[in-house]
Visitor: 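First the structure, then my questions, so here it is.
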Amino acid sequence: MLALQELRCPPAEVGVFPGYHAAVDCGSIPGRNGVAILSREAPSDVRTWASRPPRARGLAEYAHEGRYVEVDLPGLTVACLYLPKGGLPAHLQRPGNMRDVPDGGAKHARKMRFLDAFARELDRNRRAALAAGREFLLLGDLNLALVPHDVTNWRPAQRMEGFLPEEREWLGAQLGPRRLVDVVRTLHGDRPGPLSWWSWAGESFAKDVGWRIDHQLASPRLARTAQSVVVDKEPSPDERLSDHAPVVVDYARG
């Protein structure tokens, strides 16, 4: 099972993956977003927001962006999400100290609207899977880190998008012993890492200064079958294909 985010290509350029069935939503914004789930077994159902609009109020404006795909497999529903990166709220924006042009907090507000609506959609989809006798697994680039161990320089990160108090509060609210389990943190333990994203700037990659923003959130019973996690980071900056590295979790077969 493989989940991909930020395909950044039209459907015709996704290509063929020998031995896999691909469920894809590239969205309608050229060169941006796009998600896919590759599975060895053909899904019994595939749901994207393009083919079946999200039911939670507030998500319609994102439905064409290629941010979510969900498949049903035997005993399991797998979802793949690319969550908006967002930006800083207006009170934290300082011209000259930002990569982007100040926008008065518009990108931050848009991300928070997405989070508010997606929380309802996620809960509905998780419950639907369990009611149908399937476990639930959400994979993806959530552009969110939860705890200080998820960010190398976590103190200044508290004023950066992806680690703002309101963002961390949202992610924490999705987790719980009867909701979803942060599988990677559970396996890795209460210690720094494992990082999965490093900026292209400077020597962040070489010095291992990064963030853990790529997550696997599983229903509790499925989470208990997780055995190991590894981040498949390239050995050198010259070999990088992305600013992310794959997060690989082994689950015991049921």
Side-chain angles (χ1 to χ4, degrees), residues 1-17 20-39 42-73 77-88 99-126 128-129 136-144 161-162 167 170-171 174 196-197 200 213-217 241-244 246-247:
M1 170 73 62
L2 178 65
L4 304 173
Q5 303 85 42
E6 288 192 89
L7 295 176
R8 298 192 177 196
C9 65
E13 295 181 8
V14 171
V16 176
F17 300 89
Y20 286 90
H21 299 270
V24 179
D25 184 2
C26 289
S28 60
I29 306 176
R32 294 182 60 191
N33 309 335
V35 289
I37 297 174
L38 310 180
S39 59
S44 59
D45 195 15
V46 174
R47 294 175 290 278
T48 71
W49 287 351
S51 61
R52 300 184 196 177
R55 292 170 291 178
R57 181 178 301 177
L59 285 180
E61 66 175 293
Y62 310 90
H64 70 288
E65 295 183 359
R67 294 195 177 275
Y68 188 84
V69 60
E70 187 177 279
V71 302
D72 290 338
L73 299 166
T77 291
V78 180
C80 176
L81 171 69
Y82 176 48
L83 199 149
K85 182 178 184 295
L88 291 174
R99 294 187 300 271
D100 301 323
V101 176
D103 65 356
K107 291 180 180 178
H108 175 71
R110 188 174 192 269
K111 181 177 185 178
M112 296 310 296
R113 290 198 306 272
F114 181 97
L115 293 177
D116 180 62
F118 185 71
R120 298 190 295 274
E121 185 79 1
L122 177 61
D123 191 58
R124 180 181 286 119
N125 294 352
R126 176 184 64 85
F136 185 83
L137 178 62
L138 176 68
L139 308 170
D141 175 4
L142 303 192
N143 276 311
L144 297 170
E161 63 265 30
E167 296 173 316
W170 180 90
L171 182 53
Q174 311 315 308
S196 64
W197 178 89
W200 289 110
I213 57 176
D214 301 280
H215 297 273
Q216 297 200 20
L217 309 182
L241 298 176
S242 169
D243 50 1
H244 296 258
V247 178

Visitor: First locate atom CZ of R8, then atom CD1 of I29, and finally report the distance between them rounded to the nearest 0.5 Å.
Guide: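 That separation rounds to 11.5 Å.
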Visitor: Does a side-chain heavy-atom distance below 4.5 Å link V71 with D45?
Guide: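 Side chain of V71 against side chain of D45, heavy atoms only: no contact under 4.5 Å found.
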Visitor: Would you say the side chains of D72 and S44 form a donor-acceptor pair under 3.5 Å?
Guide: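 On atom types as modelled, these side chains do not qualify, holding no pair under 3.5 Å.
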Visitor: Do N33 and Y62 have side-chain atoms, one donor and one acceptor, less than 3.5 Å apart?
Guide: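 No pair is found: no donor N or O on one side chain lies under 3.5 Å from an acceptor on the other.
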Visitor: Minimum heavy-atom separation for D103 to L88, with atom names?
Guide: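 Distance-wise, the nearest heavy atoms are OD1-O, 4.4 Å.
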Visitor: For a 4.5 angstrom cut-off between non-hydrogen side-chain atoms, does L81 reach L138?
Guide: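 They are in side-chain contact.
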Visitor: Under 4.5 Å between any side-chain heavy atoms of R113 and E61, yes or no?
Guide: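 Yes, at least one pair of side-chain atoms sits under 4.5 Å.
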Visitor: Do D25 and Y68 have side chains that get closer than 4.5 Å, going by heavy atoms?
Guide: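 The answer is no, as the side chains (C-beta and beyond) never meet within the 4.5 Å cut-off.
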Visitor: Between N143 (side chain only) and L83 (backbone N and O only), is there a donor and an acceptor less than 3.5 Å apart?
Guide: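 The answer is yes, because a donor-acceptor pair under 3.5 Å joins these two groups.
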Visitor: Do T48 side-chain atoms and V69 backbone N/O form a donor-acceptor pair below 3.5 Å?
Guide: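 Absent.
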Visitor: Once rounded to the nearest 0.5 Å, what's the spacing between atom CH2 of W49 and atom CG of L59?
Guide: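 So the gap between those two atoms works out to 4.5 Å.
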Visitor: If you count the non-hydrogen atoms of other residues, nucleotides and ligands that lie under 6.0 Å from CZ in R110, is the total more than 12?
Guide: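 Count over threshold, so yes.
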Visitor: Donor-acceptor pair, W170 side chain versus L115 backbone, under 3.5 Å?
Guide: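 At least one qualifying donor-acceptor pair exists.
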Visitor: Closest approach of R55 and N125, non-hydrogen atoms and distance?
Guide: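 In terms of heavy atoms, the two residues are closest at NH2-OD1, 3.2 Å.
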Visitor: Name the residue from E161, R67, M112 that meets the side-chain contact (heavy atoms from CB on, under 4.5 Å) definition with P84.
Guide: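 Among the candidates, only R67 passes.
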Visitor: Can you name the closest pair of heavy atoms from C26 and V14 and give their distance?
Guide: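 Minimum heavy-atom contact is SG-CG2, 3.6 Å.
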Visitor: If the threshold is 4.0 Å, N to carboxylate O, is there a salt bridge linking K111 and E167?
Guide: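 Answer for the salt bridge query: yes.
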Visitor: Taking side chain as C-beta onward, heavy atoms only, is E6 less than 4.5 Å from H244?
Guide: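 E6 reaches H244 side chain to side chain.
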Visitor: Is the shortest side-chain N to carboxylate O distance from R126 to D123 below 4.0 Å?
Guide: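 Salt bridge between R126 and D123, a charged N being under 4.0 Å from a carboxylate O: yes.
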Visitor: Drop me the distance from D141's CG to H215's NE2, to the nearest 0.5 angstrom.
Guide: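 D141 atom CG to H215 atom NE2 measures 8.5 Å (nearest 0.5 Å).
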Visitor: Within a strict 4.5 Å, meaning less than it, do heavy atoms of the L38 and M1 side chains meet?
Guide: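 They are not in side-chain contact.
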Visitor: Mark yes or no for whether E121, through its side chain, and A56, through its backbone, hold a donor-acceptor pair below 3.5 Å.
Guide: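 Yes: the side chain of E121 pairs with the backbone of A56.
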Visitor: So L142 and Y82, do their side chains get closer than 4.5 Å, heavy atoms only?
Guide: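 In short, these two side chains do not touch, never coming nearer than 4.5 Å.
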Visitor: Please report the interatomic distance CG(L139) to CD(Q5), rounded to the nearest 0.5 Å.
Guide: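 Answer for the CG-CD pair, L139 versus Q5, is 7.5 Å.
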Visitor: Kindly determine whether S39 and V78 satisfy side-chain contact (heavy atoms from CB on, under 4.5 Å), including the steps that lead there.
Guide: CA-CA 10 Å; S39 59; V78 180; over 6 Å; no
Visitor: Mind listing the closest non-hydrogen atom pair of F17 and L4 along with its distance?
Guide: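 In this case the closest contact between F17 and L4 is CZ-CD1, 4.5 Å.
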Visitor: Considering only heavy atoms from C-beta outward, does the side chain of V24 approach that of L7 to under 4.5 Å?
Guide: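 Yes, their side chains come closer than 4.5 Å.
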Visitor: Main chain of R47, side chain of E70: is a donor-acceptor contact present, judged purely on distance under 3.5 Å?
Guide: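 No.
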